[in-house]
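In what follows, every chain begins at residue 1, and chains take the letters A, B, ... in the order their sequences are listed.
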Amino acid sequence: MSKCRAGEADSFCVARLHKLGATDFRSERVRTTDAQTPAISIRGLTKQYGSLTALKDLNLEVVQGEVLGFLGLNGAGKTTAIRLLLDLLRPTSGKAFIFGHDCWTEGLAARARVGYLPGELGLYPDLTGFEVLDFLAGISRQAVDKRRRQELFDRLELPHSDLRRKLRQYSTGMKRKLGLIQAFQADPPLLILDEPTEGLDPLMQESFYVLLQDAKQKGRTVFMSSHVLSEVERVCDRIALLRKGELVLLSSMEASRQLAPRRIRVFFKQDVRVPPDLPPGHEFVETFPQTWHLNVVGPLGPLLAVLARLPVKDLEVQEARLEDVVLKYYREGAS
Amino acid sequence: MTGPILLLSLSLKRARTLLVATGLLLAAFQVLLVLIASSIHPSKFEDLAALLPPFVRALLGPAVASVMSFGGIVCLGYFDLAIVAALLALIIALATLPASEVETGFADLILARPLRRHWIITRTIALVLISTLMMVALMMAGTWVGLAMLAPDDAQWPSPMMIGSLALNLGMLMLCWSSVALALAAACRRSVASATTGLLALAALLLDLTARLWPAAEPFAWLSPFRYFIPFDLVMGTALPVENILVLWAIAMSGFTVAYLLFSQRDISH
């Protein structure tokens with residue numbers, strides 16, 4: 001089983017992806033090692049609850065301006081990592097920094113740069129939407145531009161009439177919208193979002209993606225956990241995958257897709273014989289006299305060389321999906 | 001300072017209905033006591049004392065005559081068991097707010113912002129202090145309004161010093177138990193903190209009462225905060241000893257300090 005071990009996650013993935021011909025991931029790494037301070041820097045972070053290790057020796061850097069998707073099954077340690085960054089949990093060992101500020105010794109400076117959306121919004125039902133937003137803006141010591149806030153109301157379709165209502169009258173989706181607004185309203189340089197689209201309808205999910213795109217264009221950094229792989233695939237630049245508290249994958253979106261096999265279907269003009277062996281990384285799924293179904297990991301060159309000698313009528317290449325990569329890692333963990 | 005003040009304002013705003021309603025009820029009860037005391041003929045107070053069960057007379061000791069007087073009945077609200085229990089329940093509910101905020105996830109939202117953790121505890125102490133002051137102030141206001149409006153001309157009013165001492169002693173007792181509740185709430189769930197404080201208060205009260213009735217328990221009575229709550233002595237005209245205030249103050253300060261320490265080290269998880 002291949003995985004990014006603690007402390008060597010980056011180098012391992014760089015090496016492996018380089019072998020696969022991925023270049024963009026390496027360029028991402030170059031950006032990280034520049035003098036530019038990472039938005040998030042996590043070094044050897046471990047959190048234990050008695051004998052249970054919720055997070056084990058996590059090493060991760062999020063560069064400024066990127067959107068990093070934090071993936072993992074329930075209980076993988078995603079929320080634990082987020083809560084450690086925000087000083088809600090105290091680490092067993094390790095360090096974490098937000099824009100160079102130690103999350104514990106300089107917690108105020110670190111958190112002053114963060115907009116946070118928790119997985120579960122603990123809001124008082126007897127407050128109105130406006131009261132919640134004003135209160136949270138007030139204790140954030142972050143200036144909130146009224147036009148910016150209004151823009152968020154409009155984009156997430158939360159009218160003033162709803163914002164004047166008590167939260168006990170809010171639906172789950174409305175609460176989630178309010179949560180997003182409170183996280184985005186001060187336009188912080190770093191957004192930490194825990195399952196941001198949970199409870200949002202498809203239209204609002206679209207609005208959220210646009211919001212995220214805008215934040216990215218303005219150079220904001222986004223660190224988001226999600227279960228929705230299509231969403232991660234769409235909005236994230238990189239993914240970090242946790243399994244049982246350990247980082248098992250850290251790669252750019254494009255490079256990560258190359259970790260999964262592409263599905264190839266080859267159609268022939270006439271019956272062909274199945275070759276006795278295929279190049280490494282090639283695997284037959286099904287074979288028929290005039291059709292082959294294969295899975296290919298890595299470049300297609302060797303396969304094309306084989307096919308060049310055969311009467312090929314058509315070739316169908318299905319790009320690898322993030323889902324295939326992630327599920328593979330999940331299954332490896334389960335097994 | 002904006003953040004902590006906002007936090008306190010929000011807590012006061014959310015508790016205002018409970019505080020105002022409780023305060024007004026207590027004030028109304030004080031007026032009612034004046035009305036009851038006024039309705040008793042001065043010569044009948046001794047007969048009233050004779051109706052008390054023997055164990056109550058034993059508990060009251062030499063204070064029987066003072067308690068069963070116009071002034072004693074007017075002051076009953078400051079040591080009536082039901083009133084004390086209600087005030088302790090109120091103060092425990094307020095002091096366990098940090099635990100509730102952690103459990104509901106509200107603490108996540110506020111502590112993920114540039115706000116120091118200790119402000120949650122400081123806010124709660126301020127909330128408890130304001131509430132205690134408000135309750136005893138409204139009780140005293142009820143007593144004076146009742147006396148001014150309803151007391152017979154020939155009735156002997158309790159002295160302002162006596163009312164003030166009773167209110168101070170009661171307020172300190174409330175602060176003492178709020179600190180116990182807060183210390184527990186800094187580390188436990190709200191239900192656990194509330195129940196444990198309630199049980200501790202009950203045990204302490206029983207210890208104090210037992211010691212008053214059974215001399216063998218007397219050596220342990222100093223452990224009970226209720227030992228330093230001496231309304232019967234105050235009704236007899238004794239000045240409130242500074243030591244009693246200091247002991248209750250020391251317990252309160254210890255509880256608050258433990259609360260700061262525990263809350264600063266705990267994980268905020270629900």
So side-chain hydrogen bond (donor to acceptor under 3.5 Å, both in side chains) across residues 126-148 of chain B, not counting sequence neighbours, yields B/Q30-B/T143, B/Y78-B/T143
Residues of residues 91-99 of chain A with a heavy atom under 4.5 Å from any heavy atom of chain B, in residue-number order, are none
Would you call B/I110 and A/L136 a side-chain contact if the rule is heavy atoms closer than 4.5 Å? yes
- Within a radius of less than 6.0 Å around OH of A/Y49, do more than 12 heavy atoms belonging to other residues, nucleotides or ligands occur? yes
Honestly, the part of B/R117 sitting under 4.5 Å from a heavy atom of chain A is side chain
Could you list the donor-acceptor pairs under 3.5 angstrom formed between side-chain atoms of residues 78-86 of chain A and any protein atom two or more places apart in sequence or on another chain?
from, atom 1, to, atom 2, distance (Å)
A/K78, NZ, A/G72, O, 2.8
A/K78, NZ, A/L73, O, 3.3
A/T79, OG1, A/D194, OD2, 3.1
A/R83, NE, B/I268, O, 3.4
A/R83, NH1, B/D108, OD2, 2.7
A/R83, NH2, B/D108, OD1, 3.0
A/R83, NH2, B/D108, OD2, 3.3
A/R83, NH2, B/I268, O, 2.3

Okay, B/Q265 and chain A: the region with an atom under 4.5 Å from a heavy atom over there is backbone
Margin query: If you count every heavy atom of other residues, nucleotides or ligands that lies below 6.0 Å from B/R266 atom CZ, does the total exceed 12?
Written below: yes
From the list A/I139, A/V114, A/I192, the residue making the most non-hydrogen contacts under 4.5 Å with chain B is A/I139
dist A/Y116:OH -> B/L109:CG (nearest 0.5 Å) comes out at 7.5 Å
Checking heavy-atom separations under 4.5 Å from chain B, one finds in residues 121-131 of chain A A/L121, A/G122, A/L123, A/Y124, A/D126, A/L127, A/E131
The reported gap from CG in B/D267 to CG in A/L88 (rounded to nearest 0.5 angstrom) is 9.0 Å
* A/K218 atom NZ, neighbour heavy-atom count above 12 within 6.0 Å -> yes
Ignoring hydrogens and geometry, is there a side-chain-to-backbone donor-acceptor pair from A/R90 to B/S264 under 3.5 Å? yes
Note: B/L7 and A/F135 closest approach over all heavy atoms is CD1-CZ, 3.7 Å
Discussion item. For B/W222, I'd like to know if atom CH2 has over 12 heavy atoms of other residues, nucleotides or ligands within 6.0 Å.
Written reply: no
What one should report as the nearest heavy-atom pair of B/R113 and A/S140 is NE-OG, 2.5 Å
Honestly, the part of B/L111 sitting under 4.5 Å from a heavy atom of chain A is both
Within the supplied structure, the quantity of interest is the number of heavy atoms (other residues, nucleotides, ligands) at a distance under 6.0 Å from B/M149 CE; does it exceed 12? no
Q) Should the heavy atoms of other residues, nucleotides or ligands under 6.0 Å from CD of A/E231 be counted, would the total exceed 12? A) yes
